[in-house]
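A quick write-up on the structure given underneath.
What you see is a predicted model; the values in this text were computed from it and never measured. Convention: sequence-line order gives letters A, B, ...; per-chain numbering from 1.
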There are 2 protein chains.
Amino acid sequence: MKAKPRQLYEARAKVAKALAHPSRLLMLDALAEKEMCVCDLTDIVGADQSTVSKHLAVLKNAGIVADRKEGVMIFYSLKVACLRGFWSCVEGVLMQNLKEQQAVMRSS
Amino acid sequence: MKAKPRQLYEARAKVAKALAHPSRLLMLDALAEKEMCVCDLTDIVGADQSTVSKHLAVLKNAGIVADRKEGVMIFYSLKVACLRGFWSCVEGVLMQNLKEQQAVMRSS
DNA sequence: TGCCGCTATGGCCATATAGCCATGGATGCG
DNA sequence: CGCATCCATGGCTATATGGCCATAGCGGCA
């Protein structure tokens, strides 16, 4: 441990905050397949284009995605490769939590 | 991919939101060492006890930590083992981003 | 029983976020 | 040039969050 600087936790929090929205998580899942333009992601998310654009700005600012300009369109791509494994691990824990809850329900 | 339900992303977002605060990340880092009572964590974080208690409630509600009562004190412990590896991976990407930024600075 | 220490909760205010609409800037095309 | 398309930004409101203070609940201990 050794007293990591507060700055480190603020940097991590910035990343976590960027992940803390269902629409952004959906976009990241889509980008895990292939790079996409804002219009693609707007269709997928089903929100206003300006809303999607702001979500993408958050992800970009956090360093999670990269953007590439091609003509009129801007393609976003995933920069962080460890998301899939992370969610898989987290969901494993959540499933276990559910099981334990159910066990408590039955025994009471 | 195949159209995961919106519910999944809301569940993930709940976890991400729980991670999205420097004080909570600091607590999780501390809990990675050993379980701790609220008083320990209050000292480490340096905020009001009620604030720390609320932070812990968020982490518990997200299923990231567990709590155990022992006499008057309540000990919290980490339930998710994949945090260390995740942050290590993320910070690798962020470092790379920094390097690229510096390269752009030099070349301009 | 009565007091004290450890946690949790409610109240309150300041700030941040998400959403949409409207608009602006940039690029390509005829 | 004039227009259309794609994306980003500003304005606005509603809601959520974080912080502290005050206080309540709970378990131990004399």
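When rounded to the nearest whole Å, the span between CZ of A:Phe75 and C1' of D:dT5 equals 14 Å. Between the C1' atom of D:dC29 and the CE atom of B:Met73 lies a distance of 16 Å, rounded to the nearest Å. The interatomic distance linking A:Lys60 (NZ) with D:dC7 (C1') rounds to 11 Å, in whole Å. Residue A:Asp67 contributes atom CG, which lies 16 Å from atom P of C:dA26 at whole-angstrom precision. When rounded to the nearest whole Å, the span between CG of B:Leu59 and C1' of D:dG18 equals 14 Å. Straight-line distance from the CZ atom of B:Arg68 to the P atom of D:dG27: 16 Å, rounded to whole Å. The interatomic distance linking B:His21 (NE2) with C:dT17 (C1') rounds to 14 Å, in whole Å. With rounding to whole Å, A:Asn61 atom CG is found 11 Å from D:dT9 atom P.
Here the nucleotide nearest the side chain of B:Lys69, chosen from C:dG19, C:dC20, D:dG27, is D:dG27. Proximity note for B:Ala47 (side chain, C-beta onward) versus D:dC20, C:dT9, D:dA8: the nearest is D:dC20. Proximity note for B:Asp48 (side chain, C-beta onward) versus D:dC21, C:dG19, C:dT7: the nearest is D:dC21. Comparing C:dT9, D:dC7, C:dG19 by their closest approach to the side chain of A:Lys54 singles out C:dG19. Picking from D:dA16, C:dG28, D:dG18 the nucleotide with the shortest atom distance to the side chain of A:Val72 gives C:dG28. For A:Tyr76, counting side-chain heavy atoms from C-beta on, the closest listed nucleotide (C:dA8, D:dA8, C:dA18) is D:dA8. For B:His55, the side-chain atoms get nearest to D:dG19 when compared with the rest of D:dA8, D:dG19, C:dT7.
Heavy-atom distances to DNA chain D give each of B:Gln49 and B:Val58 a nearest nucleotide, and the one nearer the 5′ end belongs to B:Val58. Each of A:Ile74 and B:Ser50 lies near DNA chain D, and the nucleotide nearest A:Ile74 is the one positioned closer to the 5' end. Each of A:Gly46 and A:Glu70 has a nearest nucleotide on DNA chain C; the 5'-most of these lies closest to A:Gly46.
With contacts defined as side-chain heavy-atom distances shorter than 4.5 Å, the pair B:Trp87/B:Leu25 qualifies.
Closest heavy-atom contact between A:Glu91 and B:Leu8: OE2-CD1, 3.3 Å.
Heavy atoms of other residues, nucleotides or ligands lying less than 6.0 angstrom from NZ of B:Lys60 number 12 at most.
In this structure, A:Arg6 contributes its side chain and B:Leu26 its backbone to no donor-acceptor pair below 3.5 Å.
Phosphate contact (OP1/OP2 of D:dT17, side-chain N/O of B:Lys17, threshold under 4.0 Å): present. Distances shown here put every side-chain N or O of B:Thr51 at or beyond 4.0 Å from the OP1 or OP2 atom of D:dG19.
Relative orientation of the B:His55 and B:His21 rings is tilted, given thresholds of 30° and 60° on the angle between their planes.
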